[in-house]
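Heads up, the thing below is written out as structure tokens.
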Protein chains: 2
Amino acid sequence: MGERANRPTVKEVALRAGVSPMTVSRTLSGGVNVKPDVQKRVMDAVAELGYHRNENARSIRPGHSSGLIGVAITNIANPYYSTFALGVEEEAALTGRRILLGNTSEDAAREAGLVGDFLGRRVDGLIVVPAGTDSGHLAQSQAQGVPVVLASRRVDGLAADSVVLADEEGAYDGATALIDAGHTRIGYLGNSLAIFTGERRYNGFARAHEEHGLQIDPTLVATNQQAVEQARDATRALLQGDNPPTAIFCANNRNAIGALKEISAQINSGTRPVDEFPELMSFDDFELAELSPVPISVIDHDPRELGRIAARLLLDRLDGGQRDADTREVELPVSLRMHLR
Amino acid sequence: MGERANRPTVKEVALRAGVSPMTVSRTLSGGVNVKPDVQKRVMDAVAELGYHRNENARSIRPGHSSGLIGVAITNIANPYYSTFALGVEEEAALTGRRILLGNTSEDAAREAGLVGDFLGRRVDGLIVVPAGTDSGHLAQSQAQGVPVVLASRRVDGLAADSVVLADEEGAYDGATALIDAGHTRIGYLGNSLAIFTGERRYNGFARAHEEHGLQIDPTLVATNQQAVEQARDATRALLQGDNPPTAIFCANNRNAIGALKEISAQINSGTRPVDEFPELMSFDDFELAELSPVPISVIDHDPRELGRIAARLLLDRLDGGQRDADTREVELPVSLRMHLR
DNA sequence: CTGTTAGCGCCTTCAT
DNA sequence: ATGAAGGCGCTAACAG
């Protein structure tokens, strides 16, 4: 058992079927100009040998492509992004393409490495949730005729198809809803303002304040939590202040979950009554949000659909004759699901 | 079709650097026997052109491999499996390999298609959470020298490396803990008994009853919920009986989450006091489990580690001279985190 | 040190 | 309806 690579080639199939490699090739690509009985002999040989065409060999020939789409996301384990990846995978599979998936861990250098690797593997296109502001590697991809679609975040100075959320508007609406409900001290938990979504969501949050004549208390703003534990720590700090917020705006699901964990732990330890804890507004829905002990409103959107759209933008360019079309920038609306005290 | 691929090849780099393609190749693979100044000229040309070696072309040469690992999982969007995929990706990246990720949706035919496609792309190996009991396509992969690692589930009659959880034992321990706490009517929510984990976990649940002289009430057993909504429906049915269970054993995170959603909804609608609802035991931890309004105990384990181990089993075979080693079957222990009334 | 040759698996083109 | 030749990009093996 356990042989070293004994993968059959066209030649071996041809030998077994008593034909030339060309006849095998023709049979496999539709069978035009191959007699039915010969086709059958070929297909039998294929089945017996378990032959699969070497796609890598095919892809180096002129006019052929790899059928691979490179997908670089910042955090595979975040359910939001894995659902996004599912959307991409589904849509890609409809065209017989597969996805090469890589994790960047929000690290621009790692992203550049991944993209270089993807290019070496001759991907047909790239779908990227960009981790940084440096777009050299992405521009290079485009320059080589490999289209790039940005998802969730855009990159300054890079003309690429993109699909992002209505971050500013959604955050504005969410914050406005809190203000309309009477909140004047609203905490903010988010990822870095240097990140596309972080900046846009904060801007929406800030604009809601401005337009309602409210000042943001800077001690209530924490914008560097990338992971749940960091968000939890930031929440603890927020709640410890002597004038804590009456509501917390969470700019993404990691921050909302961190806030929820801390609040729920404090409630369980019974330090004060439940209704003295801030209520929450989360940009991103997430599983079990409805178990929150404090009211939580959600700025909702569908990551799977985001993935599907990203894939379609790319596939349109690859298959739909849109290779040289103008850049398309899609902004997906979000919907506010209110749940207040 | 406007194939506008503008990807540079060794030849173009060679031309620009004023050397032969071989010198480019040598430089790129370490630079042995290439004068330093020539190397520099080559590397400059590489940078200027944005050249990346065509890995597909390299991979068709004798002795070379694709550096790709095919990963087929049943549900990318399930956080458990996406975290698993992250573990695989991390470990693969350490050896410069990338993962081709496919979703089977628990469909054996789709899995076979995926595997065939992966073989066509000349993956170095396969990591599969098998969706069915048919192993023809996996055996074929092995026969062609492409090792297969099974994760989470094994397949009867297939001698392949595998890493699974201590399903039976974990379920036994969990159920025993409930019984020891005085429960005699325990509901069961799980996936199909035809699935490896479904059968093993149910067996552990059943053995705990037997060994404690308890009968399982078959009306409290529901074993066909694959998704959260189905689990929720099954939970509703369980709670409606005139002699409902005092505890529910959930065989995986989808079922636990469905149960939690239904219980929490009923609690919120105030039909009866919280402590008249069953407490829960979940095989699988999941995010925000601690928000449960009823006590929930967890049979815990680490999907990322499962992914890492699966990858290492494969990589040992590929790189570690273990290509023809005996089949290794790893069973990961689980740990019980109790939380009862 | 550097270049030439040849061939990996496949399929377009050109013969038959 | 079938086969032979040639070349895609790359790099061992073999000159020089």
Side-chain angles (χ1 to χ4, degrees), chain A residues 4-43 45-46 49-68 119-123 144-146, chain B residues 1 3 5-42 45-46 49-68 119-123 144-146:
Chain A
R4 188 159 261 277
N6 87 64
R7 282 115 142 190
T9 71
V10 253
K11 265 192 205 157
E12 297 165 57
V13 176
L15 196 68
R16 194 178 182 100
V19 295
S20 79
M22 259 323 293
T23 299
V24 174
S25 175
R26 272 193 267 259
T27 301
L28 258 26
S29 41
V32 267
N33 285 344
V34 184
K35 279 203 298 198
D37 59 311
V38 177
Q39 287 197 44
K40 185 178 184 315
R41 282 209 326 271
V42 170
M43 294 314 283
V46 164
L49 294 173
Y51 171 75
H52 296 273
R53 284 197 291 204
N54 185 331
E55 293 298 330
N56 295 335
R58 297 189 79 203
S59 78
I60 69 170
R61 299 183 27 77
H64 276 267
S65 73
S66 68
L68 257 25
L119 289 177
R121 295 177 190 281
R122 292 304 184 266
V123 293
Q144 301 190 357
V146 181
Chain B
M1 18 239 148
E3 267 298 328
N6 167 34
R7 282 113 144 194
T9 70
V10 253
K11 265 192 206 157
E12 297 165 54
V13 176
L15 196 68
R16 192 177 183 100
V19 296
S20 79
M22 257 325 290
T23 299
V24 175
S25 175
R26 272 193 269 258
T27 302
L28 257 26
S29 42
V32 268
N33 285 343
V34 184
K35 277 202 304 202
D37 59 312
V38 176
Q39 287 196 45
K40 182 176 184 315
R41 276 199 342 261
V42 170
V46 164
L49 293 172
Y51 171 76
H52 296 273
R53 287 198 289 205
N54 186 331
E55 293 298 330
N56 295 335
R58 296 188 81 204
S59 77
I60 70 171
R61 299 182 32 75
H64 274 269
S65 74
S66 68
L68 256 24
L119 290 177
R121 295 178 189 281
R122 293 303 184 266
V123 293
Q144 301 190 358
V146 181

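Order of the sequence lines sets the chain letters (A, B, ...), proteins ahead of strands, with each chain counted from 1. Values reported hereafter were calculated over all heavy atoms of this structure, with side chains retained and with hydrogens, waters and symmetry mates removed.
- No donor-acceptor distance shorter than 3.5 angstrom exists from the side chain of A:R7 to the backbone of B:G145, with no hydrogens or angles considered.
- Considering OH of B:Y51 and NZ of B:K11, their distance stands at 12.0 Å, rounded to 0.5 Å.
- Looking at residues 16-31 of chain A, you'll see A:V19, A:S20, A:M22, A:T23, A:R26 sit with a heavy atom under 4.0 Å from some atom of DNA chain D.
- With sequence neighbours excluded, the residues that form a side-chain hydrogen bond (donor to acceptor under 3.5 Å, both in side chains) with B:N56 are A:S59.
- Not a single side-chain hydrogen bond (donor to acceptor under 3.5 Å, both in side chains) links A:T27 to another residue, sequence neighbours left out.
- The distance from atom NE2 of B:H52 to atom OG1 of B:T9, rounded to the nearest 0.5 Å, is 13.5 Å.
- Take the nearest nucleotide of DNA chain C for A:V10 and for B:D37: the residue whose nucleotide is more 5' is B:D37.
- Residue contacts for B:R58: at a heavy-atom cut-off of 4.0 Å it reaches the sugar-phosphate backbone alone, with no base atom in range.
- As judged by a 4.0 angstrom heavy-atom cut-off over every strand, B:N33 is placed among the base-contacting residues.
- Chain A approaches DNA chain D within less than 4.0 angstrom (heavy atoms of the protein), and the contacting nucleotides run 5' to 3' from D:dA1 to D:dC8.
- One interatomic measurement links the two molecules: CD1 of B:I60 to C1' of C:dG7, which rounds to 9 Å at whole-angstrom precision.
- Among pairs with a residue in residues 14-25 of chain A, those fulfilling side-chain hydrogen bond (donor to acceptor under 3.5 Å, both in side chains) read A:R16-A:E48, at least two apart in sequence or across chains.
- Legend: residues meeting salt bridge (Lys or Arg N to Asp or Glu O under 4.0 Å) with A:K40, ordered by chain and number and at least two apart, are A:D44.
- Remark: A:R122 engages no residue in a salt bridge (Lys or Arg N to Asp or Glu O under 4.0 Å) (not counting sequence neighbours).
- Rounded to whole Å, the distance from CZ on B:R61 to P on C:dC10 is 16 Å.
- Between the CG atom of A:N56 and the C1' atom of C:dC11 there is a distance of 15 Å, rounded to whole Å.
- Among pairs with a residue in residues 50-62 of chain B, those fulfilling salt bridge (Lys or Arg N to Asp or Glu O under 4.0 Å) read B:E55-B:R58, at least two apart in sequence or across chains.
- Between the axis at the start and the axis at the end of the helix from C:dC1-D:dG16 to C:dT16-D:dA1 there is an angle of 50°, using five pairs per end and rounding to 10 degrees.
- For residues 20-37 of chain B, the set of pairs meeting the salt bridge (Lys or Arg N to Asp or Glu O under 4.0 Å) definition, not counting sequence neighbours, is empty.
- Note: CD (A:E55) to C1' (C:dC8) measures 16 Å, nearest angstrom.
- In terms of heavy-atom proximity, A:V42 sits nearest to A:V13 at O-CG1, 4.1 Å.
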